Amino acid sequence: MGRSWWGGRGELAFIVVYAVFFYVFVIHRSLQLSHDYHGVLRGLRSGWLANRLNDVSDAQWRNFRQNLPILTAVFGAFTAVASSLRSYYHLKASGMAVVWLLISLVYLLYLHGACVIFIISIASFNFVLVKDIPLPLLVTLRMISFGYDYHWSYQQTRFDQEKHIRSCSVCKSGRNCYFHLQERSLQGDKFLFTMYLCYLVYAPLYIAGPIVSYNAFASQLDQPQNTHSTRDVVFYGLRWIFALFLVELMTHFCYYNAFALSDIWKQLPAVDVFIIGYGVLNFMWLKFLLIWRYFRFWSLVNGLDSPENMPKCINNCYNLESFWKNWHASYNKWLVRYIYIPLGGSRTKVLNVWIVFTFVAIWHDLEWKLLSWAWLTCVFFVPEMLFKSAANTFQVESAVGKFVFRELSAVAGAVTITCLMIANLVGFVVGPSGINLLFSRFLRKEGVPVLMGMLFTFYIGTKLMFHIRDASQSKG
C-alpha cells in the first residue's frame, strides 16, 4: 500500500506541493537578498521595470541586449533583400550562396573592419587544403564540418535513407528533418568555393550559431526548409519575446549574477549560497536560450533550419548525458558527428569523454578554470556511465525491484544535479579557487543541514522529472 501510494498519484501530489513551496521560498529569499545588498553589488544599472535597478553585470547579455534593436533592423533588411532576390530571379543554391556571401561580407566588414581580409585568407587556405589533402584542417568548427562532409561524400555512406524515412514522422510526411539533411551525401557541385565561404560567414548564424553541418546548410540553401510552417516560425518568435520578458523580470528583481561577480556570496550562509548558485545557472540557461533562439529565428525566417540549442529546460535534466544533449545541443550534435564517432563512439566511451570535454574547454578559451570544469565533468560522468551500464545489464522484473531501482535512480539523479551545479559554477562563475570555499561552506556544521536539504530537494525534483517522462511516454 505504501509503495503504491509513493509511486503513484499520492507521490505526485506531494512532489507538486513541495515544488511550489520550494520555489516560493527561493523567490522570496532572492528578492530579500537583492533588496538588502543592492547598494554594494557591481553591475546594476537603472532599469525600466517598476523603478528597479537592472542586473546587467553579465557582459555577454549586456552587449546582446544593447545591440538588439540594431541587430533586428539589420537582419530585417538582410532578409528583405535575400528573399526578394530569390523570388525575382528564382535562385537556387549557387545563386543564393553568392547573395548571402555578399550580404554577410557587408556584415563582417561592420563587425571586423579590415580584419575581414585575414578571415577570408584563412578560410581560402583551408579550402585549398581540404580539396587537395584528405584531412581537414582544425581551424574552426565550420571548416572542420566542411572538410569531413566533403571527404565523406566520396565514401560509401552508412546512412540508410529509406529506413530513416520509414521511422521518421517528419520525413514520412514529405518534409525533411535536420538529421536527414545532415546525413545524406551531397554531389560534388555543392562543394563550391562560394558556397563554402557563404557557409562560414552566413550572417544569421555567424556570431552565436546554432551550429549547422555543411551538408544541412548547402541542402537548405538550394531548397529552403519545409519542416516549420510560417505559423510555426511566427509562434517561435512570440515565444522568444515571452522568454525575453522573463529574463528582464529576473534581472530587475533577482540580482544573481551581480552577487556572483561581486563576491558578496562568500560572506553569506550556505542556504543563500545555494540560492544564488541555483539562480545563476537558471540565468545562464535563459540568457543562452534567448541569444541562440534569436539567431535561429532569423535563420528560419530565411529558410534555413538549424538544431535547437536548448530543447529542454535546465530544471528537467537529471543526468549528465541528458543535460549535455540539451545544453548547446547543436554543438553536442557537432561533437558526436565529427569527434566522438570518428574516435570510436560508444566502444571507447570512457576515454572519448575526456577527449571531447577537453576539446570543448579549449574551444571556449584556454583557461585553467575551463579545463577544471571539463575534467570535473568527466570525473562525474564516468560513474554515471558505469551505473547505466550496470542498470542495463541487470533488468529488474518484480514490483519491489522496480520500486527500489526507481528510488536509487532518484538518489543518483540528486547527486548528479549537485555535481552539475558544482562543475558549472567552477567553470563559469567562481573558478577553481572557489571549490574549497564552496566545500567549506557546505561541509561545516551549519552547512550540512543545507546540503542534506539540497540533496532532498533534487531527489524530489528528479522524481518529478520521472513523472513528466512517464506521462510523455504514455502519450506516445
Side-chain angles (χ1 to χ4, degrees), residues 60-61 63-87 91 93 95-112 116 140-142 145 176 178 181-182 195 197-214 216-248 286-311 328-331 333-334:
Q60 191 177 37
W61 172 246
N63 291 333
F64 174 75
R65 187 175 179 271
Q66 288 174 349
N67 290 293
L68 194 54
I70 191 160
L71 277 172
T72 303
V74 166
F75 283 128
F78 286 170
T79 298
V81 171
S83 301
S84 299
L85 290 173
R86 181 193 284 274
S87 177
L91 298 176
M96 287 307 298
V98 173
V99 169
W100 271 110
L101 179 57
L102 293 174
I103 289 174
S104 299
L105 286 176
V106 172
Y107 187 54
L108 262 69
L109 277 169
Y110 171 75
L111 292 175
H112 305 301
V116 71
T140 68
L141 302 186
R142 289 173 185 156
S145 177
N176 290 314
Y178 179 83
L181 295 172
Q182 173 183 270
M195 293 184 68
L197 272 186
C198 177
Y199 170 61
L200 294 187
V201 299
Y202 180 65
L205 302 181
Y206 177 75
I207 292 179
I211 301 163
V212 60
S213 72
Y214 181 81
F217 178 85
S219 298
Q220 295 176 91
L221 208 58
D222 189 44
Q223 186 67 42
Q225 66 87 21
N226 58 7
T227 309
H228 307 279
S229 66
T230 303
R231 182 181 177 182
D232 293 337
V233 176
V234 170
F235 184 63
Y236 188 81
L238 293 174
R239 288 174 59 200
W240 183 88
I241 293 172
F242 177 71
L244 176 63
F245 177 72
L246 288 181
V247 172
E248 289 294 304
L286 268 172
K287 175 190 74 171
F288 286 124
L289 177 141
L290 275 167
I291 293 173
W292 284 325
R293 287 194 179 183
Y294 177 82
F295 292 110
R296 182 173 183 258
F297 169 77
W298 283 110
S299 180
L300 283 169
V301 168
N302 285 283
L304 197 142
D305 187 18
S306 58
E308 180 67 85
N309 264 339
M310 296 292 201
H328 205 169
S330 67
Y331 190 28
K333 293 178 188 294
W334 187 95

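From a predicted model like this one, the values you see are computed outputs, not experimental measurements. All residue numbers refer to positions in the sequence shown, counting from 1.
Once rounded to the nearest 0.5 Å, the distance linking CG of Leu200 with CG of Leu141 reads 11.0 Å. A distance of 9.0 Å separates CZ of Arg231 from CZ of Phe235, quoted to the nearest 0.5 Å. Atom CG of Leu300 is separated from atom CD of Gln220 by 8.5 Å, given to the nearest 0.5 angstrom. Between atom CD1 of residue Ile291 and atom CD1 of residue Ile207 there is a gap of 10.0 Å, rounded to the nearest 0.5 Å. Put simply, OG1 on Thr227 and CG on Leu181 are 6.5 Å apart, with the number rounded to the nearest 0.5 Å.
Side-chain contact of Trp240 with Tyr236: a donor-acceptor pair under 3.5 Å is absent, judged by distance alone.
Atom CD1 of Ile70 sits in a sparse spot, with 12 or fewer heavy atoms from other residues, nucleotides or ligands closer than 6.0 Å.
Among the candidates Arg296, Lys333, Arg239, the single residue satisfying the salt bridge (Lys or Arg N to Asp or Glu O under 4.0 Å) test with Glu308 is Arg296. When each of Leu108, Val201, Leu111 is tested with Val116 by the rule side chain to side chain contact (heavy atoms under 4.5 Å, CB included), just one qualifies, namely Leu108.
Between His328 and Met310 the shortest heavy-atom distance is N-SD, 4.1 Å. Between Asp222 and Pro224 the shortest heavy-atom distance is O-CD, 4.0 Å. Closest heavy-atom contact between Met195 and Phe217: O-CE2, 4.3 Å. Of all non-hydrogen atoms in Asp305 and His228, the two that sit nearest each other are OD2-NE2, 3.3 Å. Nearest heavy-atom pair across Ala203 and Ser104 is N-OG, 2.9 Å. Looking at every heavy atom in both residues, Ala329 comes nearest to Pro311 through CB-CD, 4.0 Å.
Judged purely by atom type and a 3.5 angstrom limit, Thr72 uses its side chain to pair as donor or acceptor with the backbone of Leu68. Checked by atom type and distance alone, the side chain of Asn226 pairs as donor or acceptor with a backbone atom of Asn176 at under 3.5 Å. Distance alone, capped at 3.5 Å, places no donor-acceptor pair between the Tyr199 side chain and the Ala97 backbone. Within the 3.5 Å criterion, the main-chain N or O of Ser83 finds no donor-acceptor partner in the side chain of Ser87. Ser145 contributes no side-chain N or O that, together with a main-chain N or O of Ser213, makes up a donor-acceptor pair within less than 3.5 Å. The closest donor-acceptor contact from the side chain of Trp334 to the backbone of Ile211 lies at 3.5 Å or more, if one exists at all.
Between Tyr294 and Trp298, the ring planes are perpendicular. Angles over 60° get that label, and only those under 30° would be called parallel.
Side-chain contact check for Tyr202 versus Leu304: some heavy-atom pair is nearer than 4.5 Å. Considering only heavy atoms from C-beta on, Phe245 stays 4.5 Å or farther from Ile241 through its side chain.
Ring centroids of Tyr107 and Phe75 are separated by less than 6.0 Å, placing the two rings close together.
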Checking side chain to side chain contact (heavy atoms under 4.5 Å, CB included) for the pair Val247/Arg65: CA distance, chi angles, key distance, verdict? CA-CA 11 Å; Val247 172; Arg65 187 175 179 271; over 6 Å; no

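Partners of Tyr178 by ring-ring contact (aromatic ring centres under 6.0 Å, His included), not counting sequence neighbours: none found. Scanning for side-chain contact (heavy atoms from CB on, under 4.5 Å) contacts around Ala82 gives Met96, Val99, Trp100, Ile103, Asn302, with sequence neighbours left out.
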